[in-house]
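Numbering starts at 1 and runs along the sequence shown.
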Amino acid sequence: MIAFVSGPVAALAPSTAVIEVGGVGMAVQCTPNTLSALRIGQEARLATSLVVREDSLTLYGFADDDERQVFELLQTASGVGPRLAQAMLGVHSPDALRIAVSTGDEKTLTAVPGIGKKGAQKLLLELKDKLGAPLGSSGMVGAQRAAAAGPAPWTEQLSAALIGLGYASREAEEAVSAVTPQAEAALAETGTAPVPQLLRAALQTLNRAR
C-alpha cells in the first residue's frame with residue numbers, strides 16, 4: 001500500500017494533482033478542497049489510498065490521515081465505492097460526516113451528489129458504529145456549533161481551488177460571480193453549495209472566455 005506521497009507539485013487539474021516522487025509523476029485523485037491548498041512547484045505531502053481494480057490502479061489523495069481513514073471506512077458500506085466516498089469528503093469534512101451519522105441527519109448525506117433519501121437512510125444504518133465520534137478539539141458540542149454556523153463560504157473554497165489551478169485572482173472572482181446563480185439555486189434547494197460541480201462550471205466559464 002502507498003500510505004503517502006511527498007514531493008513538489010508538478011501539475012494540477014480539476015480533480016487530480018501530479019506529485020513528483022523520485023523523478024516519477026504520481027497522479028493523485030483529490031477533492032477540490034485538497035487541491036485548493038496545493039501550488040505548482042511547491043512541496044506537498046498527501047496521505048493516499050490505492051484502489052486496485054482489474055483494469056486500473058487509482059491513487060486517491062487526502063490532506064491528512066483522518067480523511068484517508070474516513071474514505072476507507074465509508075467504502076465498507078454497501079454501494080459505496082471510492083468515487084462516492086471521495087464525493088462525500090468533497091462536500092463534507094470527516095467530522096461533519098461523523099456528526100451526520102451519529103445524529104441520523106439524512107439531509108447532510110443527501111447533499112452529496114449521487115445519494116438519495118433511501119441511500120442516505122441505508123448509509124446511516126451501516127455506518128452508525130464505524131466512523132466514531134468527531135475528532136475536533138472541542139468535541140461533539142463544538143462541532144455541532146460549527147455545523148450550525150455553516151461551513152467555510154463556498155465562494156472562498158471555489159476561489160482558492162481556481163487560484164490553486166493557476167488562474168489569476170481576477171479570473172477566479174469573475175468565475176465565482178458567473179456560477180453564483182447556480183450556487184444560490186443549490187443552496188435554496190439543499191442548503192449546500194456543491195463545490196465540485198461549481199468548480200467544473202467555473203472552469204467551463206473560464207475556458208469559454210479564453
Let me confirm one number: the CD-CG distance from Gln69 to Asp64, rounded to the nearest 0.5 Å. 10.0 Å
According to a hydrophobic-cluster definition based on side-chain heavy atoms being under 4.5 Å apart (Ile, Leu, Val, Met, Phe, Trp, Tyr only), do Ile19 and Phe4 belong together? no
Is there a path of hydrophobic side-chain contacts, each under 4.5 Å between heavy atoms of I, L, V, M, F, W or Y residues, that connects Val112 with Val80? yes
Tell me whether Lys130 at atom NZ has more than 12 heavy atoms from other residues, nucleotides or ligands lying less than 6.0 Å away. yes
Donor-acceptor check, side chain of Arg45 to backbone of Ser6, threshold 3.5 angstrom: yes or no? no
Which heavy atom in Pro94 sits nearest to a heavy atom in Asp66, and how many Å separate them? CB-OD2, 3.4 Å
Could you check whether any side-chain N or O of Arg39 sits under 3.5 Å from a backbone N or O of Ser36, counting only pairs where one atom can act as donor and the other as acceptor? yes
Side chain proximity check, Leu89 to Phe62, heavy atoms < 4.5 angstrom: yes
Below 4.5 Å, heavy atoms only, C-beta onward: do Glu67 and Thr34 meet side chain to side chain? yes
So, do Leu127 and Leu73 sit near enough that their side-chain heavy atoms are less than 4.5 Å apart? no
Looking at Gly61 and Thr48, what are the two nearest heavy atoms and their distance? CA-CG2, 4.2 Å
Do side-chain atoms of Gln75 reach the backbone of Phe71 as a donor and acceptor pair under 3.5 angstrom? yes
Between Gln86 and Thr31, is there a side-chain heavy-atom distance shorter than 4.5 Å? yes
Grouping I, L, V, M, F, W and Y whenever their side-chain heavy atoms are under 4.5 Å apart, do Val24 and Leu59 come out in a common cluster? yes
Answer yes or no: is there a donor N or O on one side and an acceptor on the other, between the side chain of Glu171 and the main chain of Ala168, under 3.5 Å? yes
Indicate yes or no: at least one non-hydrogen side-chain atom of Ile99 is less than 4.5 angstrom from one of Asp105. no
Cluster question for you: counting only ILVMFWY and a side-chain heavy-atom cut-off of under 4.5 Å, with indirect links fine, are Val28 and Leu50 together? yes
Under a 3.5 Å distance rule, please check whether Thr76 uses its side chain to pair with a backbone N or O of Glu72 as donor and acceptor. no
Sub-4.5 Å side-chain heavy-atom contact between Ile2 and Met26: yes
Side chain proximity check, Arg68 to Leu46, heavy atoms < 4.5 angstrom: no
Does Val70 reach the side chain of Met88, with side-chain heavy atoms less than 4.5 Å apart? no
Rounding to 0.5 Å, atoms OG1 (Thr110) and NZ (Lys118) come to a distance of 14.5 Å
